Structures are given as structure tokens and as C-alpha cells.
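Below is one structure, written out as C-alpha cells; the observations come after it.
Chain identifiers are assigned alphabetically (A, B, ...) following the order of the sequence lines, protein sequences preceding nucleic acid strands; residue numbering begins at 1 within each chain. Keep in mind the model is a prediction, meaning the values are calculated, not measured.
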Protein chains: 4
Amino acid sequence: MARPVHRSLKEKQRQEREELILQVVEEVLLERGYRDTSMEEIATRVGIAKGTLYLHFTKKEDLMFAFFEREMQKILSAIEQPFPANMSAQAKLESIVRSMHNDPSGKRGDLLYILFHSEDFKIILQQKSATTLTRISDTVLLYLEEGKARHEFDPHIPTVIMLNSFFSVLSPRAHRRLLQSGEYSHEEIMRYVQRIYFRGIGGHIS
Amino acid sequence: MARPVHRSLKEKQRQEREELILQVVEEVLLERGYRDTSMEEIATRVGIAKGTLYLHFTKKEDLMFAFFEREMQKILSAIEQPFPANMSAQAKLESIVRSMHNDPSGKRGDLLYILFHSEDFKIILQQKSATTLTRISDTVLLYLEEGKARHEFDPHIPTVIMLNSFFSVLSPRAHRRLLQSGEYSHEEIMRYVQRIYFRGIGGHIS
Amino acid sequence: MARPVHRSLKEKQRQEREELILQVVEEVLLERGYRDTSMEEIATRVGIAKGTLYLHFTKKEDLMFAFFEREMQKILSAIEQPFPANMSAQAKLESIVRSMHNDPSGKRGDLLYILFHSEDFKIILQQKSATTLTRISDTVLLYLEEGKARHEFDPHIPTVIMLNSFFSVLSPRAHRRLLQSGEYSHEEIMRYVQRIYFRGIGGHIS
Amino acid sequence: MARPVHRSLKEKQRQEREELILQVVEEVLLERGYRDTSMEEIATRVGIAKGTLYLHFTKKEDLMFAFFEREMQKILSAIEQPFPANMSAQAKLESIVRSMHNDPSGKRGDLLYILFHSEDFKIILQQKSATTLTRISDTVLLYLEEGKARHEFDPHIPTVIMLNSFFSVLSPRAHRRLLQSGEYSHEEIMRYVQRIYFRGIGGHIS
DNA sequence: CATGAATGAGCGTTCATTCAT
DNA sequence: TATGAATGAACGCTCATTCAT
């Protein structure tokens with residue numbers, strides 16, 4: 001029976017197209033922001049009709065959420081690799097920070113910034129309760145607790161507060177403006193910020 | 001002469017109304033976000049006609065900026081009080097943090113969050129070059145440098161990076177979600193977060 | 001009894017104010033055109049409140065019509081002076097043309113142009129059937145017929161058509177653009193245009 | 001291949017619709033004038049939604065300008081036909097006058113009148129610098145000069161003044177009111193007015 | 001499957017007019 | 001009589017979503 005083959009061919013094409021769409025979303029999102037990214041423009045840049053876009057994603061929200069998930073997945077897959085057992089918790093977390101910042105386009109910070117702060121998108125996030133996001137968060141939490149157990153970090157500070165601060169200071173978007181000023185390189189900024197954070201939670205400073 | 005009295009009465013009423021409008025703005029802004037806050041809805045909730053709103057504020061932008069400025073002024077006036085000369089830089093900064101968090105509604109964090117990240121509002125901020133915002137930032141910068149001079153803080157960390165991190169971790173909006181979870185009180189959260197920050201920049205931990 | 005005196009005093013003040021208002025109308029009309037002349041702006045420039053304007057003129061239309069009538073009255077009073085009996089019809093008409101063009105501000109052409117062609121104002125004219133306008137028109141008609149009787153003008157051309165053409169070519173507004181180009185002076189333009197018109201209806205050319 | 005056929009079908013329908021829209025514009029423009037012609041009303045009368053109107057014309061201005069241009073093009077195409085070499089300049093100009101007046105609806109005069117004198121539309125005309133309008137004007141200018149060269153017209157009268165008077169007296173809108181009175185037919189009026197004009201500039205009277 | 005024309009609710013803004021003071 | 005704050009209908013324009021082809 002040829003059907004399955006065809007179907008998977010179609011399916012493959014479908015996925016390729018969705019991938020293409022999401023790439024275009026990234027592009028337009030960076031140029032225009034969430035609200036001013038119109039379905040029309042995305043479709044046009046992809047080279048398909050507006051209606052076709054709706055065959056892949058039922059609503060604008062869905063499209064954006066799909067894009068968001070893909071980005072989070074990239075971070076997650078970089079994060080969930082097993083670390084050597086004897087690696088310190090801080091080293092693991094530093095590796096995670098690097099993963100969060102190292103994306104090919106170098107624009108992930110901006111993208112997450114746009115999405116996290118779009119008024120429209122926040123609603124979606126609440127509705128869809130992004131599991132990927134949770135898994136990233138859980139991974140960090142795990143290593144923070146590990147660090148506390150190993151006496152690397154101050155056990156008196158609640159882990160969830162450490163966690164929250166972790167994302168506040170170390171997420172790519174926190175230091176956008178400073179980076180744009182050009183005074184310091186991305187690496188310099190991150191080095192200093194990590195020093196503040198890890199010393200802050202009681203870690204050793206390299 | 002009754003005139004001046006009348007006028008100041010009118011003027012007083014006018015200010016009271018503007019105050020009322022700004023309160024409603026706060027309310028709607030929290031519920032709907034910047035873009036979905038319509039002039040119509042604000043007017044209706046205040047109990048006036050749309051046109052009346054425009055007697056007080058020429059454009060939606062102006063209304064929003066007025067609201068923003070009022071919030072920033074509240075913070076600034078709390079911040080710019082002179083401190084005793086022998087007070088440590090850290091104590092001064094901790095006092096500033098308290099000022100930033102202590103607002104009656106307890107929602108200032110959310111509000112600034114909404115405004116700072118609205119795609120539309122960012123443009124206004126750039127156009128109007130918010131001086132109040134700059135003055136707040138400058139005040140913090142001043143004490144950070146003072147702290148470095150006094151060897152309270154690590155002189156190897158660039159002050160602008162300390163400043164950026166200050167607002168990243170210590171601004172009211174940074175720990176919104178954690179606060180909403182209800183696990184820790186506002187005071188507890190802030191105590192721990194300050195501990196992380198000040199120890200991070202090399203300060204003494206109380 | 002002092003009453004009548006007071007009343008006429010009041011009445012006098014009232015008329016003076018109305019005169020002032022109409023002067024301001026002229027000013028604003030020239031700057032902004034009919035539609036963009038707002039009641040607010042008129043009131044402000046006069047130095048009174050918007051509501052006061054409405055005590056003098058019930059509607060914007062009424063105000064504008066009053067202004068229009070005043071202008072037409074000025075033309076009419078210049079026109080209805082008796083001419084010497086032996087004066088030729090053409091000379092009388094040429095005198096009328098001069099009256100229509102010679103106003104102190106030199107802007108009457110523009111004003112009538114604005115009013116005659118405002119979409120809003122046309123409706124008013126139809127409703128109010130301006131009698132002053134009719135009397136001006138009748139005066140011209142009279143001299144055109146006189147001219148035909150005296151064999152100055154071609155008796156084969158219907159007088160109403162002569163009349164219509166009179167206002168088409170000779171009214172101040174007909175040659176605005178040409179005048180603005182600066183190539184010819186007002187006097188030159190009018191001399192040539194009158195030559196065309198009077199020769200056209202069979203008159204002698206001076 | 002069905003595509004090209006389909007496309008031209010669509011394209012045809014599109015043009016038909018635009019034609020329909022422009023017809024409705026004519027209708028509403030005559031009833032309401034420029035400013036009071038709302039996009040909503042046009043759409044409703046055409047039987048489409050407001051948004052659909054904007055698929056054809058980006059702005060109200062564009063729609064109105066398109067309508068204006070179409071009218072001017074009709075006149076221009078009627079005017080730019082080559083005339084026999086031995087035809088007199090006056091005969092050519094009379095032919096042009098006929099072209100300007102002969103439209104099926106008989107309302108072109110009113111329409112151009114409305115557009116030319118709308119405060120809003122004047123601005124558009126200046127921005128778009130209507131070339132069609134210029135070409136019509138230039139064509140008339142050409143024949144006026146030809147007439148002067150051939151001693152048909154008075155060489156002492158500046159051509160631009162002749163030109164200006166041409167449009168003042170002979171344009172369809174100049175004698176609207178007279179026509180509406182019903183006393184004379186369109187043909188009669190134009191015959192007399194042309195007699196006045198051409199005799200006025202020194203032409204022979206047929 | 002793919003299209004893109006069509007929809008229409010919704011927005012910010014203006015201004016002639018009214019009316020309580 | 002004079003004020004000017006208040007009104008609210010009306011406008012041009014946008015864009016996510018639908019659906020006949």
C-alpha cells in the first residue's frame with residue numbers, strides 16, 4: 001500500500017513548511033514585535049496565502065506559542081544532556097546559562113523578551129501552561145538543590161528564591177539594554193553577572 | 001474677590017478628577033494591559049464621556065505617560081530624601097529598595113512591568129526621554145559608586161553592571177510570579193533577594 | 001426711566017461684540033477654511049467663552065451666514081449708489097466690478113471663494129435664500145438690460161446668461177490662482193478680463 | 001492552463017467592482033459633498049463591507065483621487081484626438097468645450113465643482129500634482145496660441161489670461177445654477193457663453 | 001489542499017452643541 | 001449674562017479570522 005508512504009511524505013512536507021513558517025515568525029517578530037506582526041506579513045514572506053497559514057495554526061496565538069515552544073525546546077535539549085557526576089553544581093548551572101545565551105542567531109534573548117512581555121502572549125502562556133518552560137525551570141532547581149546539598153550554595157536561602165533570581169539576572173533578556181550600549185561585550189557582561197549571582201547565593205568565585 | 005477662590009476650587013476638582021482618572025487607568029491597565037486598555041473603557045469606568053477624557057489628556061499616549069510619571073515620581077520622592085552621612089551605601093540602597101516596593105496597592109510592580117514592556121509605550125518613553133526615570137537610576141548609581149569607594153562593594157565589577165543587576169533582581173516586578181504563588185511573603189522574598197544581591201556585589205550580609 | 005438707555009447701551013455693546021466676532025471669523029476663515037474653523041478658536045481669539053458665542057449666534061451656520069451677509073452688504077452699499085444719468089451701462093458695470101474687488105483687506109475674493117465653495121455653507125445659502133445676494137445680482141441685471149436697451153450690448157444674448165458670465169469671469173475669486181502666480185497685477189488681470197467680457201457681450205472697448 | 005483565464009476573470013471582476021465603487025462615489029459625492037461622503041456609506045451602497053473598500057483603495061483620499069482622475073481622463077481622451085490641420089483654432093476649442101460638457105450623467109460639472117472646491121481635496125491635488133489636469137490645460141493653451149498666431153484671437157491679451165477665462169466661463173460648473181433654473185437648455189447656454197467668450201478674445205462669431 | 005477576497009468589530013480622535021453654575 | 005466642562009455621534013482605518021471557490 002502506497003498510502004502510508006504518501007502520507008508520511010505529505011507529513012514531511014507539512015513539517016518542513018511549519019519549520020519555514022516558524023523561521024519567518026522569528027524574523028518578523030524581531031522586526032515588528034508581537035502585536036505588529038500580522039498574519040498577512042508572515043504568510044507573504046513565507047510565500048503562501050493567509051488561509052494556508054490557518055491550516056497549520058488555528059490562531060495567531062497558536063502560531064506564536066508553537067514558535068515559543070520550539071525555542072524553549074532548543075534550550076531544554078541543550079540543558080538536559082547529562083553532566084559528569086563530579087562536576088560542581090555551579091559549573092553545571094554555568095553551563096546552562098551558556099546554553100541559554102548561545103543560539104546561532106544571537107537573538108534569542110530579544111525573542112524571548114518580546115514574547116514574555118507581550119500582553120497578548122502572556123495570556124496564552126497561562127492558558128497553555130508551558131510544560132517545556134517548567135522542565136527548564138525544574139532542571140535549574142535540581143542543580144540549585146544539589147549545590148545546597150553539596151554546601152556549594154547557602155542552604156538558608158529558599159531554593160525557589162534562588163531560582164527566581166537566577167532567571168531574573170541571568171536570562172538573556174535581563175541585560176539587553178546594557179549590551180546595546182556597546183560598552184561591554186556579551187561575554188564580559190555575563191561573566192560579571194554570574195560572579196554577582198553565584199557569589200550572592202554563596203558560591204565560589206572563579 | 002471670589003474669583004481666585006472659584007478658580008482654585010475648579011482647579012482642585014480638576015486635579016481630583018485627574019487623580020480619579022489615573023486611578024482608573026491603574027485599574028484597567030492591570031486587567032487588560034496597555035494595548036487593550038481603551039479610552040472608551042477608562043471613560044466609562046470613571047463615569048465620564050470619552051470626550052471629557054480628552055479634556056484632561058490630549059492623547060492616549062499622554063494619559064499613559066502621565067500615569068507612568070506619577071508612579072515614577074512617587075518612587076523618586078521617596079528616594080531623594082537625604083540620608084545620614086555615616087549611613088552605609090548598602091543601607092541607603094536597601095532603603096531605596098524598600099521605597100520601590102512599598103506602594104499602597106502593592107501592584108506597582110505589575111504596573112511598571114506592563115508599561116515597561118508594552119511595545120507601544122516603549123516608543124513614548126524614547127520620545128519623552130523620561131527624566132524622572134533617569135534620576136532614579138542616577139541616584140542608585142551614585143550610591144553604588146559610593147559603596148565601591150568605601151570598599152563596601154567589589155571595585156572590580158563595573159558599576160553599570162551592578163546597576164543593571166540591581167534593577168533586574170530588586171525591582172518590584174522581578175519576583176511577581178513567586179509572590180503570587182503565596183509561598184513567601186513580600187518581606188521574606190525581598191530579604192533573601194537583597195541578601196543575594198548585596199553579597200553578590202561584595203557587600204556585608206546582615 | 002433709565003431702562004431704555006441701558007438697553008440701548010447693552011444693545012450697542014452687543015453689536016460691537018458681534019462686529020468683533022465677525023472680524024475674527026474673517027481672520028480664521030482665511031487661515032483655516034470653513035470646515036476647519038472651529039467655534040472654539042473663534043471664541044478664544046475674540047477673548048470670550050465658547051458659550052458666549054452661542055448667545056450671539058445659535059449655530060455655526062448662523063455665524064457664518066451673518067459674516068457672509070455683512071460682506072455682501074458692503075458690496076451692495078458700494079453698488080447701490082446712484083450713477084450719473086448719462087453714464088454708460090458699461091461704465092456703471094465697470095464701477096461695480098471695481099467695488100467688488102476693492103475691499104480694504106484685499107482678501108474679499110478669497111473669503112467669498114471659501115464661503116461659496118464650502119460644502120456646508122452651500123446648504124445654508126439655499127436655506128436662507130440670501131436676499132442681499134439677490135439684490136446685488138439684480139443691480140447688475142438692471143444695468144445689463146439698460147445696456148441692451150441703449151444698444152451698448154448685444155440684444156440677442158439673454159440677459160441672465162450675460163449675468164451669469166459676469167460673475168463667472170469678473171468675480172474676485174475667478175482669477176485667484178493667476179493672481180497668486182504673480183505674473184500679472186490685479187489691475188492688469190482685471191483690465192484684460194473686462195476687455196474680454198465687455199467685448200464679448202458686444203460692448204465698446206476702451 | 002486555467003490559471004491565466006481565472007486570473008483575468010478575477011481581474012475583470014475586480015475592475016468591474018472598482019467601476020461600481022466609483023459610480024457610487026459619484027452618486028454620494030453629488031448628494032453629500034466630499035467631507036460628508038463617508039467610507040461607510042459608500043461601502044453600504046455598493047453592498048460590501050467597509051474593509052472591502054480598503055482592499056481596492058488604500059485611503060479615502062486615494063479613492064477620491066481615483067474618481068477624479070477617471071473623470072479627467074475621460075475629458076482628456078476626448079480632447080487629445082488629432083484635429084484636421086485646416087480646422088480653425090476656435091473650432092478646435094469649441095470641440096474641446098463640447099467634450100468637457102458631454103458626459104452621460106450630465107453631472108460632471110457638479111462633480112468637478114465639488115472636488116475642485118473641497119478643502120480636503122485641494123490638498124490631495126497639490127500632493128499628487130494631477131498631470132492629467134495639466135495636460136488638459138496645456139492642450140487648451142496650445143490652441144489659444146495657435147489662434148493668436150493665425151490672427152483669429154487678439155494677440156494683445158496674454159494667453160494665460162485667456163486660458164483662465166476659458167475655464168472660468170466655459171467649464172461645466174460655471175453655469176450650474178442657471179441650468180438648474182431650467183430656463184435655458186444646456187446647448188443654448190453653451191452657445192451663448194461661447195459667443196461671449198470667443199467674441200471677447202477677438203474671435204469670429206458664427 | 002490552497003487561496004485571498006470579504007468581513008466587521010473595534011480603536012483613537014474631533015468638535016458642534018448644551019447646560020449647570 | 002457669561003462661562004467652559006461635558007457630551008457623544010461620527011469618522012477613517014486595521015487586521016484576525018472565515019469560507020466560497
query = Of D:Gly47 and B:Thr52, whose closest DNA chain E nucleotide lies nearer the 5' terminus?
reply = D:Gly47

task = Could you tell me whether a side-chain N or O of A:Thr37 sits under 3.5 Å from a main-chain N or O of A:Gly33, the two making a donor and an acceptor?
result = yes

request  = May I ask you to decide if C:Glu40's main-chain N or O and C:Thr44's side chain share a donor-acceptor pair within less than 3.5 Å?
outcome  = yes

Selection: residues 25-44 of chain B, any non-hydrogen atom under 4.0 Å of DNA chain F = none

Does [X] reach the side chain of [Y], with side-chain heavy atoms less than 4.5 Å apart?
| X | Y | value |
| --- | --- | --- |
| B:Asp36 | A:Arg35 | yes |
| B:Glu11 | B:Arg14 | yes |
| D:Met39 | D:Tyr54 | yes |
| C:Leu115 | C:Leu29 | yes |
| D:Glu27 | D:Val46 | no |

[X] has an atom [atom1]; how far is it from atom [atom2] of [N], in whole Å?
| X | N | atom1 | atom2 | result |
| --- | --- | --- | --- | --- |
| A:Glu11 | E:dC1 | CD | C1' | 14 Å |
| D:Lys60 | F:dT14 | NZ | C1' | 18 Å |
| D:Glu61 | F:dC11 | CD | C1' | 14 Å |
| D:Arg14 | E:dT3 | CZ | P | 18 Å |
| C:Leu20 | F:dA2 | CG | P | 13 Å |
| C:Leu53 | F:dT3 | CG | C1' | 12 Å |
| C:Leu63 | E:dT17 | CG | P | 10 Å |
| D:Ile48 | E:dT7 | CD1 | P | 7 Å |

note = Comparing A:Tyr54 with C:Arg17, nearest DNA chain F nucleotide closer to 5' gives the residue C:Arg17

ask   = Does A:Lys50 get its side chain close enough to the base of E:dT3, under 3.5 Å, for a donor-acceptor pair?
value = no

message = With a sphere of 6.0 Å drawn around NZ of D:Lys59, does it hold more than 12 non-hydrogen atoms of other residues, nucleotides or ligands?
response = no

task = With pairs defined as Watson-Crick or G-U wobble and both distances under 3.5 angstrom, please note down DNA chain F as a dot-bracket string, | for pairing with another strand.
result = .||||||||||||||||||||

ask   = What nucleotide, of F:dG4, F:dC13, E:dT13, holds the atom closest to the side chain of B:Lys59?
value = E:dT13

ask   = Taking the six-membered ring of B:Phe68 as reference, does the NZ or CZ atom of B:Lys128 fall below 6.0 Å from its centre and within a 45° cone about the axis?
value = no

task = Quick one: label A:Leu55 by what it contacts on the DNA or RNA (base, sugar-phosphate, nothing), any heavy atom closer than 4.0 Å.
result = base

